[in-house]
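Here the structure is laid out as structure tokens; the discussion comes afterwards.
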Amino acid sequence: MGETFAISKYPDADKIINQLDRLIKEPIYTIHPNKLQDYVENYFNQKCAKSKALIEEARKIIPGGVQHNLAFNYPFPLVITKAEGAYLYDLDGNRYYDFLQAGGPTVLGSNPTEVRSKVIELLNDCGPSTGLFHEYEYKLAKKISEHIKAVEMFRMLGSGTEACMAAIRVARLATKKKNILKMGGAYHGWSDQLAYGIRVPGSKWTQANGVPRNCFKYIQEFFPNDLNDLEKKLRLNKLRGGTAAVMIEPVGPESGTRPLHYEFNKGVEKLCRKYGALLIFDEVVTAFRIGMSGAQGYFGVSPDLTVFGKVVAGGYPSAGGLGGKKEYMKYLSAGIGGGGKHKKALVGGTMAANPLSCVAGYYTLCEIERINAPQKAGLFADQLIAGLQRLNEKYNLPFVAFNQGSICHLETVGTMHFSINWSKPWQIPGILKATSERKKEMEHMGAAYMAEGIVTLAGSRLYTSAAYEDKMLPDILSRFENVFKSVAVKA
Ligand SMILES: Cc1ncc(COP(=O)(O)O)c(C=O)c1O
């Protein structure tokens, strides 16, 4: 029997893009300031007092008070003490529906016993790391390559960021070309070169504070959904020594915030073959979330290199890896003196491929497969999105709700739907100002959801997991409704 995926019906990308185009032309719709004030005073200050006190202390020693980019700073970050299934609990004992899911790795829900018990067993036996080889490194690699055809070999690394860095190093070594073409707006971690064109397509270096511009000499971006633009740039690169790789997020930049046409990935694959560039699929979010064979299985594409992260260690630390065809993976052969006569890519990491991440990853994948977690989470997401769309209509709001399986988007301000056109440079400051103003309101919406017991990713994205059950849906939607009821045009 064929694999069932998380995506039950591929979204109509044009329809969603039109809605998003309309959304960013609308004035900002956001939580009414009086209601926001009410949430701050009567929820955060009253019911989250212990979190508030701890964060005030933490701010003295930790920049901003928190260590993680996905923690909400408005009005102050909450201190989470317990995570279980679909729920999170804070220091004051409040319970939340968890749609952040640690940023994506916990497709099974938080802290599943099936994985935890195996991790504890391993910790009792050998502790988290030895710096040598552990059998679970092999078991995890084998499991991944059994499910993903294009992954003939796999090397575990410390994070998605590191795996993306490794991917472009391998591509450059294998092709002896230097240029990398990335999809505008896509996020491939925070390494110097891949900070180019993040969040907003066309933004080039403008979002990469702290990175000198000459780091971007061999990296360019192309516009999502635009194969002509990609081909134009591939052709141009022929005059500049060729393209080593084209790198994409297969559901669209920022986990599909701008969805792609179904045929787009195949089109990119064809162009890569035509111009001799490697195709790199960044499946940090999509692998084992869209399905066991990843987004590449769903779209029927065979990338040369696949980047892994997040789910690959099931929410445990050191989640990253690179997989691909043998002829390319040979550049990643590790170990002292190992690896044949060819050059090796510079790749490392003291904590990369530690037994703890590998055992957690292995049993996470076994359990995802056993219960078909991608499909379960995807079906719940379909219902959640349908419910949010009904609420948008009921309250006559321009918000855009859509999903690709268990990756859900609830765009209230459309911050990442802007793009920059360098042939009209006078527009750029206005666009950057509009995106930051809208982002502020996205944070306010995020705080409002939080006060209603719903944790989102940055106020605009929601990951569902297999821990969600249909019976939770009415309660979840009524919490969203409490927020939507109090939305007004920003004065
Ligand atoms: C598509 C994608 N690639 C790469 C990364 C970077 O992974 P990490 O945060 O593990 O460095 C992320 C992280 O969110 C991501 O979403």
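Values below: every heavy atom of this structure, side chains too, minus hydrogens, waters and symmetry copies. Just so you know, ligand 1 is whichever comes first in the structure, and atom 1 is the first atom listed for that ligand.
Ligand 1 places these atoms under 4.0 Å from at least one heavy atom of Gly189: 4 (C), 5 (C), 6 (C). Interface atoms of ligand 1 facing Gly160, defined by a heavy-atom separation under 4.0 Å, are 6 (C), 7 (O), 8 (P), 10 (O), 11 (O). Here is the list of ligand 1 atoms found below 4.0 Å of a heavy atom in Val285: 16 (O). Residue Thr161 approaches ligand 1 through these ligand atoms, each under 4.0 Å from one of its heavy atoms: 6 (C), 7 (O), 8 (P), 11 (O). In summary, the atoms of ligand 1 found under 4.0 Å from a heavy atom of Lys310, numbered by their order in the structure, are 13 (C), 14 (O), 16 (O). Ligand-side atoms of ligand 1 in range of Ser159: 10 (O), 11 (O), range being under 4.0 angstrom from any heavy atom. Close contacts of ligand 1 with Glu249, meaning ligand atoms under 4.0 Å from a residue heavy atom, involve 1 (C).
Each of Gln375, Lys376, Glu369 was checked for a side chain to side chain contact (heavy atoms under 4.5 Å, CB included) with Asn372, and the lone residue meeting it is Gln375.
More than 12 heavy atoms of other shown residues, nucleotides or ligands fall within 6.0 angstrom of atom CH2 in Trp205.
The line from CZ of Arg169 to CG of Leu305 is 14.0 Å long, rounded to the nearest 0.5 Å.
Residue Asp282 has at least one N or O atom closer than 3.5 Å to an N or O atom of ligand 1. Considering backbone and side-chain atoms together, Val284 places no N or O closer than 3.5 Å to any N or O of ligand 1. The N/O atoms of His188, backbone and side chain alike, include none that comes under 3.5 Å of an N/O atom in ligand 1. Residue Trp190 has no N or O atom closer than 3.5 Å to an N or O atom of ligand 1.
Side-chain contact between Phe99 and Ile454 is present, with heavy atoms from C-beta onward closer than 4.5 Å. Side chains of Tyr74 and His444 form a contact here, defined as non-hydrogen atoms less than 4.5 Å apart.
Relative to the six-membered ring of Phe222, Lys233 misses at least one condition, a distance below 6.0 Å or an angle of at most 45° to the axis.
A salt bridge is absent between Lys118 and Glu114: the closest approach of a Lys/Arg side-chain nitrogen to an acidic carboxylate oxygen does not fall below 4.0 angstrom. Taking a cutoff of 4.0 Å between a charged side-chain nitrogen and a carboxylate oxygen, Glu443 and Lys440 qualify as a salt bridge.
Among all non-hydrogen protein atoms, the one lying nearest atom 2 (C) of ligand 1 is Tyr187 O, 3.2 Å.
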